Asks: 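Pasting a structure below so you can have a look.
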Amino acid sequence: MARILITSALPYINGIKHLGNLVGSQLPADLYARYMRARGHEVLFLCATDEHGTPAELAAAKTGEPVADYCARLHAEQSRLAEGFRLSFDKYGRSSSPQNHALTQHFAGRLWEAGLIEERTESQVYSNADGRFLPDRYIEGTCPNCGYERARGDQCENCTKQLDPTDLIDPRSAISGSTDLEVRETKHLYLLQSKMRGALNDWIDGTTDWPILTTSIARKWLNDGEGLQDRGITRDLSWGVPVRRGTEPWPGMEGKVFYVWFDAPIEYIACAAEWAEEQGLPDAAWERWWRTERGADDVRYVQFMGKDNVPFHTLSFPVTILGSGEDWKLVDYIKAFNYLNYDGGQFSTSQGRGVFMDQALEILPADYWRWWLLSHAPETGDSEFTWENFQSSVNKDLADVLGNFVSRVTKFCRSKFGEAVPEGEYGAAEEALIEDLARRLAAYQGHLEAIEVRKAAAELRAIWVAGNEYLQAAAPWAAFKEDPARAAATIRLSLNLIRFYALISRPFVPDAADIMLRALRAPDAEWPEDVSAALRALPAGHAFDVPDVLFRKIADDERAEWQQRFSGDR
RNA sequence: GGGCCUGUAGCUCAAUUGGUUAGAGCAGAGCGCUCAUAACGCUUUGGUUGGGGGUUCGAGUCCCUCCGGGCCUACCA
């Protein structure tokens, strides 16, 4: 039995996430966590809301709430939706937790002692009307290059030229529109990532099986231009982790907080501490996952994220971990995903374009979305959600291939043999099927272990299809007339097959799997290590219930209505 | 501008890393079955692998070039 630490990228707090966010990290991470648990491994699966930064402050200001209240409310909302999608986190934490405050300050202190943090004084734009420093992209003005009037301080969207905020003509605050701006000096801490460049390079070069998407992004940042740049890790904000050196004050940094990208990955660790506290466990319980000298050397740590998060997970966070000089666990495998597009364009939070997590669950149960999203996960390139594709996948894969199999078998049995598993000896057809399933199961397991999500889904579907092929060839409805014993054997195997399907499908469609197991009155849910034994688990005479329709079909007019409803302006 | 990824059947995707005749699912066509959610099974149509050039005994795969799509480019997270 192995120990596997799994983290999903932290969703940002300012609103409800769309299906693209979901499929980019949390959902595949859940698939992997569920599978690994099912195989008997010890899993700690963590996620949390990422709550600091300017956007959170602005979102709170917009609703008129104190930012702490706003974050608490949205954390509760995201938690509820995570449960709705059956995301099986051991802990869904918060980057604003006391544990993360302490740990973030601890790392900063260690990095300072190691000479990896430097104080730098720089000039930034301050807005008197807003009473705050403005990040570059929150300053708007006329582009000196092309004359576009709504250019942002970091880049002009019109001519794509990169800008400095002081380049802008007639600059104004993007928050209030105020032109009462001034350039002020302010002191910030920089993480000297450049000093760790060699170590990071070696580390990345030492990985052999990481996705190209992950390593190519890391290499680009390591080698682009003058190489890896140092990064400012503090901000002039009120909401965040106050800057301290461990437990000591940091002279000259009063009133400043750590940059959200410094404290967010540290929350992966702090979240484990939150988990331990919630479980009433001592610190040793989480440290054995994170401190290599306390057991974490045996842990395999896998991170899931969208491609936009890769630089922070391959570079900044490892600098924090390695630079601390302490024995923290470093990630073993990074699975990165591309983007999911929506019906010919991008999902857009601001325009309300696409389907958001809350809306998805209002329309259909979690399993429908889980299946479609996972079987179309954007692994090799960006992928696209269309309603036609969603409808056809759900109707065909879930309703026809899997759901209908359960119906036809249980209903046939009820009408011919009653609601209990019939007697019957397995013959050549059954043995051939078992052999085929064993081969396919091995392939399915291989794909899941390699986190090849789409390939795993395709193989699972093929396993469902194999049941229909077998049943069609065995034709118990015909055999029943001349050779009822043969028909009984076919049905006995088919009922066992439903149980088998429930067990192996559970990581993808947990609710349907539970319904199937409940209907079969088969509460034990051990992974079918031995296919032949698994298909004999339900003995003759074992009573079962005919379940309701497992998956309903999506009708054309519904699909058309949803297509219209989610086209924009939520 | 620079870098990376990508382009394969009407649609969504594969192709053991250069090796027989490029494969699946959906959609389409035909046949079978009647247990089942008008479900299932079998057979089948469909491709100059974006265009052009090159390397090689052999290219979807490697190189060059052009065209299209996407992402990143470090103070949004």
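Letters A, B, ... mirror the listed sequences (proteins, then strands); counts begin at 1. Keep in mind it's a predicted model, so treat the numbers as computed, not measured.
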Asks: Measuring only the P atom in each nucleotide, how far is G54(B) from U73(B)? A whole number of Å is fine.
Replies: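 It works out to 40 Å between them.
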
Asks: Would you check, one step at a time, whether the test ring-ring contact (aromatic ring centres under 6.0 Å, His included) holds for Phe480(A) with Phe417(A)?
Replies: CA-CA 10 Å; Phe480(A) 184 73; Phe417(A) 303 106; 5.5 Å; yes

Asks: Between atom CG of Asn496(A) and atom CG of Leu538(A), what is the distance when rounded to the nearest 0.5 Å?
Replies: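 Going from CG on Asn496(A) over to CG on Leu538(A), the span is 4.0 Å.
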
Asks: Would you say C4(B) has OP1 or OP2 under 4.0 Å from some side-chain N or O of Lys307(A)?
Replies: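 Negative; the distance criterion is not met.
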
Asks: Pick the P atom in C11(B) and in C67(B), then give their distance to the nearest Å.
Replies: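 Between the two P atoms, the distance is 23 Å.
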
Asks: Remember a base hit wins even if backbone is also touched, and classify Asp50(A) as base, sugar-phosphate or nothing at under 4.0 Å, heavy atoms.
Replies: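 Result for Asp50(A) = sugar-phosphate.
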
Asks: Side-chain N or O of Lys553(A) less than 4.0 angstrom from OP1 or OP2 on A39(B)?
Replies: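 For A39(B), OP1/OP2 do have a side-chain N/O of Lys553(A) under 4.0 Å.
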
Asks: Can you tell me the Watson-Crick or wobble partner of G18(B), both distances under 3.5 angstrom?
Replies: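 The base-pairing partner of G18(B), which may sit in any strand shown, does not exist here.
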
Asks: With rounding to the closest Å, how many angstrom separate the P atoms on G69(B) and A24(B)?
Replies: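 G69(B) and A24(B) have their P atoms separated by 33 Å.
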
Asks: Counting the atoms with a prime plus P, OP1 and OP2 as sugar-phosphate, which does Phe405(A) contact under 4.0 Å by heavy atoms, base, sugar-phosphate, or nothing?
Replies: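 No contact.
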
Asks: Both distances under 3.5 Å, Watson-Crick or G-U wobble: report the partner of G46(B), or none.
Replies: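 When the pairing criteria are applied, nothing turns out to pair with G46(B), so the answer is none.
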
Asks: Looking for any heavy atom pair under 4.0 Å, which part of the strands does Val260(A) touch: base, sugar-phosphate only, or nothing?
Replies: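 It contacts sugar-phosphate atoms only.
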
Asks: Would you kindly give the CD-to-P distance between Glu459(A) and A24(B), to the nearest whole Å?
Replies: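 Between P of A24(B) and CD of Glu459(A): 13 Å.
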
Asks: Should Lys411(A) be listed as having a side-chain N or O under 4.0 Å from OP1 or OP2 of A39(B)?
Replies: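 Checking Lys411(A) against A39(B): no side-chain N or O falls below 4.0 Å of OP1 or OP2.
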
Asks: Please report the closest heavy-atom contact between Leu495(A) and Pro422(A), naming both atoms and the distance.
Replies: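 Heavy atoms of Leu495(A) and Pro422(A) come nearest at CD1-CD, 4.0 Å.
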
Asks: Distance between the P atoms of C42(B) and G25(B), in whole angstroms?
Replies: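 To the nearest whole Å, 9 Å.
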
Asks: Tell me if the side-chain of Gln124(A) makes a donor-acceptor pair with the base of C75(B), cut-off 3.5 Å, by modelled atom types.
Replies: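 Donor-acceptor pair under 3.5 Å: yes.
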
Asks: Base, sugar-phosphate, or nothing for Gly232(A), non-hydrogen atoms under 4.0 angstrom?
Replies: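 If one applies the 4.0 Å heavy-atom cut-off, Gly232(A) turns out to touch nothing in the nucleic acid.
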
Asks: Roughly how many Å apart are C64(B) and A22(B), using the P atom of each and rounding to a whole number?
Replies: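 The same atom, P, in both gives a distance of 27 Å.
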
Asks: Roughly, in whole Å, what's the span from CG in Leu189(A) to P in C75(B)?
Replies: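 Taking atom P of C75(B) as the reference, CG of Leu189(A) is at 15 Å.
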
Asks: Stacking between Trp477(A) and C35(B), defined as ring centres under 5.5 angstrom apart with planes under 30°, is that present or not?
Replies: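 Ring-base stacking flag set for Trp477(A) and C35(B).
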
Asks: Taking the side chain of Phe412(A) as its heavy atoms from C-beta onward, which of G2(B), C35(B), C40(B) lies nearest to it?
Replies: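 Of G2(B), C35(B), C40(B), C35(B) is nearest to the side chain of Phe412(A).
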
Asks: Is U17(B) in the syn range, within 90° of 0, or in the anti range?
Replies: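 Syn, angle within 90° of zero.
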
Asks: Do the ring planes of Phe133(A) and Tyr126(A) sit parallel (below 30°), tilted (30 to 60°) or perpendicular (above 60°)?
Replies: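 Phe133(A) and Tyr126(A): perpendicular rings.
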
Asks: Please report, rounded to the nearest Å, how far the P atom of A24(B) is from the NZ atom of Lys396(A).
Replies: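 The answer, rounded to whole Å, is 17 Å.
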
Asks: When you get a sec, tell me which of C40(B), C75(B), G3(B) is the closest nucleotide to the side chain of Asp400(A)?
Replies: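 Output: C40(B).
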
Asks: Please report the distance separating the C1' of C63(B) from the corresponding atom of G18(B), rounded so that it comes out in whole Å.
Replies: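 Nearest-Å result for C63(B) against G18(B) at atom C1': 13 Å.
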
Asks: Pick base, sugar-phosphate or nothing for Val465(A), based on heavy-atom distances below 4.0 Å to the nucleic acid.
Replies: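 Sugar-phosphate contact only - Val465(A) comes under 4.0 Å of backbone atoms but never of a base.
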
Asks: Please tell me whether Phe385(A) and His18(A) form a close aromatic pair, meaning their ring centres lie under 6.0 Å apart.
Replies: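 Here the rings of His18(A) and Phe385(A) have centres that are no less than 6.0 Å from each other.
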
Asks: Verify the contact: side-chain N or O of Tyr259(A) to OP1 or OP2 of A77(B), cut-off strictly under 4.0 Å; return yes or no.
Replies: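 Tyr259(A) to A77(B) OP1/OP2: side-chain N or O found under 4.0 Å.
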
Asks: Can you check whether Arg408(A) has a side-chain N or O nearer than 4.0 Å to OP1 or OP2 of A39(B)?
Replies: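 Arg408(A) to A39(B) OP1/OP2: no side-chain N or O under 4.0 Å.
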
Asks: What's the closest nucleotide to the Leu228(A) side chain, out of U37(B), A74(B), C75(B)?
Replies: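 Taking heavy atoms from C-beta onward, the closest nucleotide is A74(B).
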
Asks: Among the candidates C75(B), A77(B), G41(B), find the nucleotide nearest to the side-chain atoms of Glu122(A).
Replies: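 Output: C75(B).
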
Asks: Give the nucleotide from the list C75(B), U37(B), C13(B) with an atom nearest to the side chain of Leu550(A).
Replies: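 Within the option list, the nearest is U37(B).
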
Asks: Is there a Watson-Crick or G-U wobble partner for C62(B) with both distances under 3.5 Å, and which nucleotide is it?
Replies: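 For C62(B), the partner nucleotide comes out as G54(B), under the 3.5 Å rule.
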
Asks: What is the nucleic acid contact for Gly227(A), judged by heavy atoms within less than 4.0 Å: base, sugar-phosphate only, or nothing?
Replies: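 The answer is base, as Gly227(A) lies within the cut-off (heavy atoms under 4.0 Å) of a base atom.
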
Asks: Quick one: sort the Phe304(A) and Phe337(A) rings into parallel, tilted or perpendicular, breaks at 30° and 60°.
Replies: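 Phe304(A) and Phe337(A): parallel rings.
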
Asks: When the C1' atoms of G32(B) and G50(B) are considered, how many whole Å apart are they?
Replies: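 Their C1' atoms lie roughly 41 Å apart.
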
Asks: Taking any heavy-atom pair under 4.0 Å as a contact, classify Phe312(A): base, sugar-phosphate, or nothing.
Replies: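 Result for Phe312(A) = base.
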
Asks: Between Arg120(A) and Asp230(A), does any NZ, NE, NH1 or NH2 come within less than 4.0 Å of an OD or OE carboxylate oxygen?
Replies: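 Result for this pair is yes, salt bridge flagged.
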
Asks: Please confirm whether the shortest side-chain N or O distance from Arg219(A) to OP1 or OP2 of C4(B) is below 4.0 Å.
Replies: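 Result: no.
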
Asks: CZ of Phe133(A) versus P of C76(B): gap in Å, rounded?
Replies: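 Interatomic distance, CZ of Phe133(A) to P of C76(B): 16 Å.
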
Asks: So what does Lys455(A) hit on the nucleic acid, given a heavy-atom distance under 4.0 Å: a base, only sugar-phosphate, or nothing?
Replies: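 If one applies the 4.0 Å heavy-atom cut-off, Lys455(A) turns out to touch the sugar-phosphate alone, with no base involved.
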
Asks: Closest to the Trp221(A) side chain: U73(B), A77(B), G41(B)?
Replies: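 Of U73(B), A77(B), G41(B), U73(B) is nearest to the side chain of Trp221(A).
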
Asks: With a 3.5 angstrom cut-off on both distances, give the Watson-Crick or G-U wobble partner of G7(B), or none if there isn't one.
Replies: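 Pairing partner, where one exists within any strand: C67(B).
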
Asks: Measure the distance from CG on Asn395(A) to C1' on G25(B) and round it to the nearest whole Å.
Replies: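 For the pair Asn395(A) CG and G25(B) C1', the rounded distance is 14 Å.
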
Asks: Looking only at non-hydrogen atoms, find the nearest pair between Gln193(A) and Leu315(A) and report the distance.
Replies: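 Closest approach of Gln193(A) to Leu315(A), heavy atoms only: OE1-C, 4.4 Å.
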
Asks: OP1, OP2 of C26(B) versus side-chain N and O of Arg461(A): anything below 4.0 Å?
Replies: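 Yes, such a contact exists.
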
Asks: Regarding Pro476(A), tell me which of base, sugar-phosphate or nothing describes its non-hydrogen contacts under 4.0 Å with the strands shown.
Replies: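 Nothing, no heavy atom under 4.0 Å.
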
Asks: Say you pick atom C1' in A29(B) and the same atom in A9(B); how far apart are they, in whole Å?
Replies: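 These two C1' atoms come out 15 Å apart once rounded.
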
Asks: For C40(B), give its Watson-Crick or G-U wobble partner with both distances under 3.5 Å, or none.
Replies: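 Partner of C40(B): G32(B).
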
Asks: Categorize Ser393(A) for me: base, sugar-phosphate, or nothing, with a 4.0 angstrom heavy-atom threshold over every strand shown.
Replies: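 If one applies the 4.0 Å heavy-atom cut-off, Ser393(A) turns out to touch nothing in the nucleic acid.
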
Asks: Of the listed nucleotides (A77(B), G41(B), C35(B)), which one gets closest to any side-chain atom of Glu469(A)?
Replies: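 Out of A77(B), G41(B), C35(B), the nucleotide with an atom closest to Glu469(A)'s side chain is G41(B).
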
Asks: Is there a Watson-Crick or G-U wobble partner for G1(B) with both distances under 3.5 Å, and if so, which one is it?
Replies: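 Its partner is U73(B) (Watson-Crick or G-U wobble, both distances under 3.5 Å).
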
Asks: Which residue, Glu379(A) or Ala399(A), contacts RNA chain B at a nucleotide closer to its 5' end, judged by nearest heavy atom?
Replies: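 It is Glu379(A) whose nearest nucleotide is closer to the 5' end.
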
Asks: Which nucleotide in the list C76(B), U37(B), C33(B) gets nearest to the side chain of Gln472(A)?
Replies: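 The answer is C33(B).
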
Asks: Which of these passes side-chain contact (heavy atoms from CB on, under 4.5 Å) with Leu192(A): Arg231(A), Gln229(A), Glu118(A)?
Replies: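 Output: one option passes, namely Glu118(A).
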
Asks: With no hydrogens and no angle check, is any side-chain donor or acceptor of Ser505(A) less than 3.5 Å from a backbone partner on Ala502(A)?
Replies: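 The answer is no, because no donor-acceptor pair under 3.5 Å joins these two groups.
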
Asks: Select one nucleotide: of A36(B), C26(B), A74(B), the one nearest the side-chain heavy atoms of Asn404(A).
Replies: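 It is A36(B).
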
Asks: Between Lys481(A) and Ser407(A), which has a closest nucleotide on RNA chain B that is more 5'?
Replies: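 Between the two, 5'-proximity favours Lys481(A).
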
